[in-house]
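Read the structure below first, then the notes.
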Amino acid sequence: VPDSTRVKSGFSRCRGFNTCASAGDFTRGVGSGAGQVQFASGGGVSAYGTNRTVNIGGATGTFYWQQDGKPLIFGAPTANATLIFQNPISIGTRTREIRVQNGTADVDAQLTGRIYGAAAAGVNKTGTGTLELTGKQEYWGAMSAVGGVLKLGANAIFMGGTNALVLGAAALDAGTYTNAVRSLEL
């Protein structure tokens, strides 16, 4: 990938990002310099061939969601493997959209880092794909799944039952894990 990778809105306008993901795991620093990645106005990644890991700025480096109204997109209709996003995600003070597109893998995207934000912050999981959460959800707003499958891949994902879990036209796969939420809306 030449110099830096700038992700624009959607998959069709990504420059280099899908190429990197299909060639191996994706590890880059955040920024506009050589060898760095920058989300300009939403965008995302998908995995092909075998499960792929994305690590932006180091596994413990936080991915700060700066784009209001722009989704973070995982998967693609042609993707055939699981995309594993390792970084913690800061959603700030707003409700943010994580869109998961349905490919042929059982799990289209797995978030292993914690997601955290301020009092009113929340997450809307959209798209027809399967999103697996294994990291802690540390925000006070709702986790709304309005399409596809939300899979809970660990115990105690939600912060002591302080989140509301809202399912609208989505399936919940809790597996054999124990999780508590403040309220469950179906």
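The structure presented is a predicted model; accordingly, all values stated were derived computationally and were not measured.
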Heavy-atom donor-acceptor pair, Glu132 side chain to Thr130 backbone, under 3.5 Å: no
Side chain to side chain donor-acceptor pair (under 3.5 Å) between Gln110 and Thr82, worked out: CA-CA 7 Å; Gln110 180 186 65; Thr82 300; over 6 Å; no
Co-membership, hydrophobic cluster, residues Tyr48 and Ile84, 4.5 Å side-chain: no
Contact summary for Pro88 and Gly61, nearest pair of heavy atoms: CD-O, 3.4 Å
Tyr177 versus Leu152, closest heavy-atom pair with distance: CD1-O, 3.2 Å
Candidate pair Tyr116 and Ser90, rule side chain to side chain contact (heavy atoms under 4.5 Å, CB included), full reasoning: CA-CA 5 Å; Tyr116 64 97; Ser90 171; 3.7 Å; yes
Heavy-atom pair with the smallest gap, counting every atom of Leu111 and Ile98: CD1-CD1, 3.8 Å
Lys/Arg-Asp/Glu bridge criterion (N-O < 4.0 Å) met for Glu97, Arg99: yes
From CE (Met143) to CG (Leu172), nearest 0.5 Å: 10.5 Å
Approximate separation, where rounding is to 0.5 Å, of Arg52 CZ and Ser46 OG: 11.0 Å
Stepwise side chain to side chain contact (heavy atoms under 4.5 Å, CB included) check, Tyr139 with Ile91: CA-CA 9 Å; Tyr139 48 88; Ile91 57 177; 4.0 Å; yes
Minimum heavy-atom distance Asn179-Ile157, with the two atoms named: OD1-N, 2.5 Å
Derivation and outcome, side chain to side chain contact (heavy atoms under 4.5 Å, CB included), residues Gln101 and Thr128: CA-CA 6 Å; Gln101 298 185 17; Thr128 58; 5.8 Å; no
Residue pair Asn124, Thr95: steps toward the side chain to side chain contact (heavy atoms under 4.5 Å, CB included) verdict: CA-CA 7 Å; Asn124 284 334; Thr95 296; 3.6 Å; yes
Given Thr27, Thr53, Asn55, Thr112, the one that forms side-chain hydrogen bond (donor to acceptor under 3.5 Å, both in side chains) with Gln86: Asn55
Donor-acceptor contact below 3.5 Å, side chain Asp108 vs main chain Gly129: no
Shortest non-hydrogen contact from Ile89 toward Leu72: CD1-CD2, 4.1 Å
Least distance between heavy atoms, Asp25 atom then Asn51 atom: OD1-O, 4.2 Å
Expected output: side-chain Lys125 to main-chain Gly127 donor-acceptor under 3.5 Å: yes
